[in-house]
2 protein chains.
Amino acid sequence: MLDERKTAILRAVVQEYITTAAPVGSTHIANAPGVKVSSATVRNEMAVLEQEGYLAQPHTSAGRIPTDRGYRFFVDHLAAPGPLDSQASQQVGAFFDSAHGRLEELLHQTTNLLAQVTHHASVVVGPRSETAVVRSVQLVGLGGRSATVVAVLSNGTVENEQVELPVEMSEVRLSAVSAHLQAHLPGSTLDAPRDLPATGDRDFDAVCAAAVRSLAKSAADEPVYVGGAASMAHAFDAVDTVRAVLNTLEQQFVLVSLVRDVLNRGLSVAIGAEHGVAQLVACSVIVKPVYVDGEQVGTVGVLGPTRMDYPQALATVEVVSERLGRRLSDGGSN
Amino acid sequence: MLDERKTAILRAVVQEYITTAAPVGSTHIANAPGVKVSSATVRNEMAVLEQEGYLAQPHTSAGRIPTDRGYRFFVDHLAAPGPLDSQASQQVGAFFDSAHGRLEELLHQTTNLLAQVTHHASVVVGPRSETAVVRSVQLVGLGGRSATVVAVLSNGTVENEQVELPVEMSEVRLSAVSAHLQAHLPGSTLDAPRDLPATGDRDFDAVCAAAVRSLAKSAADEPVYVGGAASMAHAFDAVDTVRAVLNTLEQQFVLVSLVRDVLNRGLSVAIGAEHGVAQLVACSVIVKPVYVDGEQVGTVGVLGPTRMDYPQALATVEVVSERLGRRLSDGGSN
DNA sequence: CTTGGCACTCCAGGCTACCGAGTGCTAGCC
DNA sequence: GGCTAGCACTCGGTAGCCTGGAGTGCCAAG
């Protein structure tokens with residue numbers, strides 16, 4: 001653990017570096033508020049902080065830069081989430097006051113909101129529908145052996161999937177299947193759909209089963225929304241880094257597991273290498289689950305360079321997650 | 001109109017520049033196949049081509065670069081779409097052979113396919129559902145005054161929208177409304193929904209109307225999918241350009257009107273300033289409508305630097321649009 | 001333990017010189 | 001008359017050199 005003076009110095013380095021993006025030297029720190037010693041002393045302390053892995057030097061005779069570990073200490077001990085600055089909070093407020101429409105649309109918009117407010121890329125993972133209760137099901141033929149199965153879930157989302165029917169079926173019989181599904185499926189969840197009573201008609205039962213299987217599959221994956229990817233073009237000057245990050249942002253699968261992984265480890269911030277996605281070592285991720293009635297329905301987060309304004313970003317994510325949860329539990333009747 | 005020799009020189013310049021990205025000088029051109037004159041003659045001809053606006057010089061004593069006009073001539077007269085190279089065509093084939101699932105999913109994947117094959121960003125605009133015929137409708141209450149209305153359309157898409165009910169309604173009555181909708185709406189289109197027979201019950205009719213209105217609204221916008229945005233990081237070395245382009249790619253509205261606009265003008269290629277989106281002056285767009293049974297259901301396109309391999313990109317877009325149309329008219333039954 | 005002082009390091013930026021690629025022009029050739 | 005070889009000239013990019021400044025580490029004194 002760091003003594004008070006080292007702490008103050010580390011804080012000053014991080015804050016300075018976050019705003020200037022240039023290695024910071026002992027003289028700047030000595031002048032910083034909260035540090036009452038000379039630059040020589042600061043130098044000594046910084047040497048120690050470097051040895052202990054909190055700071056790094058790009059080259060001899062350059063200033064210091066925080067390491068991942070330095071940022072970690074900063075967010076754990078020094079970055080009181082602090083109140084959101086008033087402009088940002090107003091922006092968030094205005095957004096949620098005027099938001100409306102479908103869940104998917106809302107999540108997508110949220111992504112833009114986060115990107116605008118934080119100036120970083122943002123990620124929103126929608127609810128996995130597996131555990132939501134089915135309210136209504138419908139199977140509609142599309143000619144030939146294809147059909148669409150649609151389910152409305154208790155959380156307001158709609159799952160739909162195209163089904164390849166095992167056998168061709170007349171409109172009329174499909175309607176019967178639809179009715180059968182509608183009669184028996186509602187009330188159960190898609191990850192463990194209630195067993196449908198067999199009718200004795202093999203084709204009929206097979207179609208039912210196919211429909212249910214499709215729905216379950218479709219409900220298993222979580223929708224991901226990404227916003228503000230363009231901000232990454234600012235964030236780094238190395239083109240390679242930009243490219244790697246943008247590429248990764250397009251791989252929804254990676255994003256979902258990244259977010260899930262971070263949450264599983266009980267973190268709300270993953271800094272640099274901590275999150276384990278090699279292409280994103282230059283980035284930090286801040287995530288926060290969204291709760292509705294005590295149940296997690298999704299996650300919001302931002303992704304920016306490790307050198308990001310953590311207090312501000314933490315506060316934004318916090319507020320957005322909270323407001324989004326509130327918005328969703330109103331059932332949209334806001 | 002250009003004489004044969006100028007044509008050959010212009011072609012050579014464009015081709016060379018497309019592959020090297022560096023201004024090309026008279027000596028290179030003189031050695032190019034199809035040009036049988038000395039570099040001095042080439043220089044004279046290039047001076048003329050520059051005067052006429054087909055070529056430009058970054059600075060005195062540098063090689064020449066094609067202008068937008070030069071590219072335009074190239075694609076209009078010199079770029080036989082040519083056959084897709086075999087690896088690409090195999091990739092496309094494999095994709096469509098194994099593609100399955102919902103329309104939205106398919107379009108989204110198509111976006112990735114195009115990006116991979118062309119190494120450029122790609123845009124796919126989905127069908128506007130306004131003119132599709134309703135197959136089935138359903139209204140499901142979500143508690144309070146909110147409900148979800150879902151419609152399955154003849155083209156296999158599913159439209160769903162959240163509705164704010166004008167009055168609160170019991171489950172049972174909502175079911176009645178749902179049944180009413182299902183009884184009368186199918187068969188008409190969402191842009192001109194059939195008038196529902198009035199029941200005399202004002203609340204009932206109001207809820208019906210609200211549901212239909214929501215659906216119509218939701219059907220009016222065209223889904224847009226973008227892929228391969230990361231490739232833009234390669235395409236330009238000016239960070240500002242990358243940023244501007246990425247930003248624009250996130251504005252779906254701009255994309256849709258860009259695509260529509262280009263098609264309306266009867267073009268399939270818009271080069272640089274031609275498309276009128278200021279932020280994309282450094283880009284060219286290649287678009288192609290997708291037809292199913294003679295009707296346009298969407299558009300596929302790629303967006304890359306003006307300096308792109310037009311023959312290859314044209315061929316790819318052509319093939320993908322054609323295969324996608326074919327795929328969709330099978331009704332998904334491959 | 002702190003601090004002022006000092007010698008040392010190293011990067012960034014400005015300057016010059018130079019090389020090479022490319023041009024435009026002109027005189028001669030077919 | 002058109003083509004081409006030759007030549008003088010232009011100009012951007014790179015390499016080398018230098019210098020100024022910011023920063024460090026260390027030491028000796030308070």
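Naming: A, B, ... by sequence-line order, numbering from 1 per chain.
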Query raised in the report: Given atom CE of A/Met46 and atom P of C/dT3, what is their separation to the nearest angstrom?
Result: 15 Å
Requested in this report: Please state how far atom CD in A/Glu50 lies from atom C1' in D/dG25, giving the value in whole angstrom units.
Outcome: 12 Å
Can you pull every protein N or O that's under 3.5 Å from an N or O on nucleotides 5-10 of chain D?
| from | atom 1 | to | atom 2 | distance (Å) |
| --- | --- | --- | --- | --- |
| D/dG6 | O6 | B/Arg43 | NH2 | 3.1 |
| D/dT10 | O2 | B/Ser61 | OG | 2.8 |

**Report entry** salt_bridge(A/Asp240, A/Arg243) N-O dist < 4.0 Å
**Finding:** no
Query raised in the report: Between D/dT4, C/dG24, D/dG12, which nucleotide has the shortest distance from any of its atoms to the side chain of B/His59?
Result: D/dG12
Requested in this report: Rounded off to whole Å, could you give me the NZ-to-P distance for the A/Lys6 and C/dC1 pair?
Outcome: 11 Å
Query raised in the report: Any idea which of C/dT23, C/dG24, C/dT2 is nearest the B/Ser26 side chain?
Result: C/dT23
Query raised in the report: With distance as the sole criterion, is a donor-acceptor pair present between the side chains of A/Thr41 and A/Ser38 under 3.5 Å?
Result: yes
Query raised in the report: Heavy atoms, side chains only, cut-off 4.5 Å: are B/His77 and B/Thr7 in contact?
Result: no
Requested in this report: Send over the distance from A/Glu45 CD to D/dT24 P, rounded to a whole Å.
Outcome: 13 Å
Query raised in the report: Side chain of B/Gln57: nearest nucleotide among D/dG23, C/dG24, D/dG25?
Result: C/dG24
Query raised in the report: Would you call the rings of B/Tyr71 and B/Tyr310 parallel, tilted or perpendicular if under 30° counts as parallel and over 60° as perpendicular?
Result: tilted
Query - N or O in side chain of B/His28 less than 4.0 angstrom from C/dA21 OP1/OP2 - result: no
**Report entry** Interatomic distance where CG belongs to B/Asn44 and C1' belongs to C/dA27 [whole Å]
**Finding:** 14 Å
Query raised in the report: Reading nucleotides 13-18 of chain C from the 5' end, what letters show protein touch, with B for base, S for backbone sugar-phosphate only, - for no heavy atom under 4.0 Å?
Result: ------
**Report entry** Under-4.0 Å side-chain N/O to phosphate OP1/OP2 contact, B/Thr41 with D/dC3
**Finding:** no
Query - Side-chain touch A/Phe95/A/Thr110, heavy atoms, less than 4.5 angstrom - result: yes
Query raised in the report: Is B/Arg64 near enough to C/dG22 that one of its side-chain N or O atoms lies under 4.0 angstrom from OP1 or OP2?
Result: no
**Report entry** Test: B/Asp261 and B/Arg265 ion pair at under 4.0 Å
**Finding:** yes
**Report entry** Any side-chain heavy-atom pair of A/Leu49 and A/Leu2 under 4.5 Å
**Finding:** yes
Report summary line: Atom CG of B/Asn31 and atom P of D/dT4 are separated, to the nearest Å, by 13 Å
Query raised in the report: Once you round it to whole Å, what is the distance between P of D/dG23 and CD1 of A/Ile65?
Result: 12 Å
Report task. Would you kindly give the CG-to-P distance between B/Leu49 and C/dG24, to the nearest whole Å? Result -> 12 Å
Query raised in the report: Does the side chain of B/Val226 come within less than 4.5 Å of B/Leu303's, by heavy atoms?
Result: no
Report task. Assess whether atom CG of A/Asp76 is packed by more than 12 heavy atoms of other residues, nucleotides or ligands within 6.0 Å. Result -> yes
